Amino acid sequence: MSSDSLPENDNRPSRTEAEQAVRTLLRWAGDDPTREGLHDTPSRVVRAYEEFFEGYETNPRSLLERTFSEVEGYDEIVLLRDIRFESHCEHHLAPIIGRAHVAYLPRSRVVGISKLARVVDAFARRLQIQERLTAQIANTINDVLEPHGVAVIIESSHECMTTRGVHRPGVSMVTSSMLGVFRTNSDTRRELMAMLNRPSACEY
């Protein structure tokens, strides 16, 4: 199965089974799932999981299929930065909250910028580790658009580290994936870094 393939869901438990699993965890935590405050918690958790992990229902490659060639010869970097995302650590099911910067150098066609954000969400809304998330976004854009290069930089906070274990709030993790000219051409990479360091549009 490729990194962006959808998992097989033939054996997915029913909603009733999922809600019962939540009740089991509530009992294991030491509470009573039948008390008033927790009575509807199992159904709420299952609905939340549908939202948290809706990326499993999306094929990221299909989001990039529609492109545009009427760009008047534009052949410079396209950068969409500060894409806020929410994901979950596959080791502890704890939230990962961060921002992604996605850039590519087109050959002759470009894609709608909202599609770049949707690709980030499609992979983020799955159980993840940040290193894989970064690579999946970059590889998918590179494979579908076939640009001169792709760059993805992600900075995020992992609550599996800030709210448990070593308890280190304020720590962020940064990962990057540089493909094509962003890896091989230092001038192109420096240009990208300069673009990332400029004030954002909301600061103008």
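As a basis for the values below, the full set of heavy atoms in this structure was taken, side chains included, without hydrogen atoms, waters or symmetry mates. Model, not experiment: these values are computed from the prediction.
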Residue pair V110 / L145, side-chain heavy-atom distance below 4.5 Å: no
ILVMFWY network linking I97 to V166, side-chain heavy atoms under 4.5 angstrom: no
Minimal non-hydrogen separation, I129 against H91, with atom names: CG2-CE1, 3.7 Å
Separation between CG of L26 and CG of L38, rounded to the nearest 0.5 Å: 5.5 Å
Value rounded to 0.5 Å, distance of OG1 in T188 from CZ in F182: 6.5 Å
Test item: T162 and H167 side chains (from C-beta on) under 4.5 Å apart, heavy atoms: no
Check: L192 and M178 side chains under 4.5 Å, non-hydrogen atoms: yes
NZ/NE/NH1/NH2 to OD/OE distance under 4.0 Å, D32 and R35: no
Q130 side-chain N/O to I154 backbone N/O, donor-acceptor pair under 3.5 Å: yes
Verify same cluster id: L80, V111 (apolar side-chain graph, 4.5 Å): yes
Atom pair CG/CG of D75 and L105 - distance to nearest 0.5 Å: 7.0 Å
Same apolar cluster: I77 and Y104, side chain cutoff 4.5 Å: no
Residue pair R190, D187: steps toward the salt bridge (Lys or Arg N to Asp or Glu O under 4.0 Å) verdict: CA-CA 5 Å; R190 277 195 296 269; D187 290 338; 2.3 Å; yes
Neighbour count above 12 (heavy atom, 6.0 Å) for R183 CZ: no
Side chain R81, main chain M195, donor-acceptor under 3.5 Å: yes
Carboxylate-amine/guanidinium proximity below 4.0 Å for R126 and E86: no
Partner set under ring pair (Phe, Tyr, Trp, His ring centres under 6.0 Å) for F52, not counting sequence neighbours: H88
Step-by-step side-chain contact (heavy atoms from CB on, under 4.5 Å) determination, S172 to S157: CA-CA 5 Å; S172 62; S157 173; 5.6 Å; no
Close side-chain approach of I141 and V102, heavy atoms under 4.5 Å: yes
Heavy-atom donor-acceptor pair, R61 side chain to V144 backbone, under 3.5 Å: no
I83 reachable from L196 in the ILVMFWY side-chain graph, under 4.5 Å edges: no
Side-chain heavy-atom pair M161, R168 within 4.5 angstrom cut-off: yes
Test item: R15 and E19 side chains (from C-beta on) under 4.5 Å apart, heavy atoms: yes
Any R118 side-chain heavy atom under 4.5 Å of T58 side chain: no
Spacing of R198 atom CZ and L79 atom CG [to the nearest 0.5 Å]: 9.5 Å
Distance, nearest 0.5 Å, that separates CD1 of I96 from CD of E90: 8.5 Å
Cluster check V45, Y56: I/L/V/M/F/W/Y, side chain < 4.5 angstrom: yes
Heavy-atom closest pair, residues A94 and C160: CB-N, 3.5 Å
Any donor-acceptor pair under 3.5 Å from N142 side chain to A138 backbone: no
Side-chain H-bond candidate by donor/acceptor type, S156 with H158, under 3.5 Å: yes
Check: E155 main-chain N/O paired with R99 side-chain donor or acceptor under 3.5 Å: no
Pair E131, T175: side-chain N/O donor-acceptor within cut-off below 3.5 Å: no
Pair R125 + E54: basic N to acidic O under 4.0 Å: yes
Check: H101 side chain, D82 main-chain N or O, donor-acceptor pair, under 3.5 Å: yes
Atom pair CZ/CD of F85 and Q128 - distance to nearest 0.5 Å: 9.0 Å
Test: E17 and R12 ion pair at under 4.0 Å: no
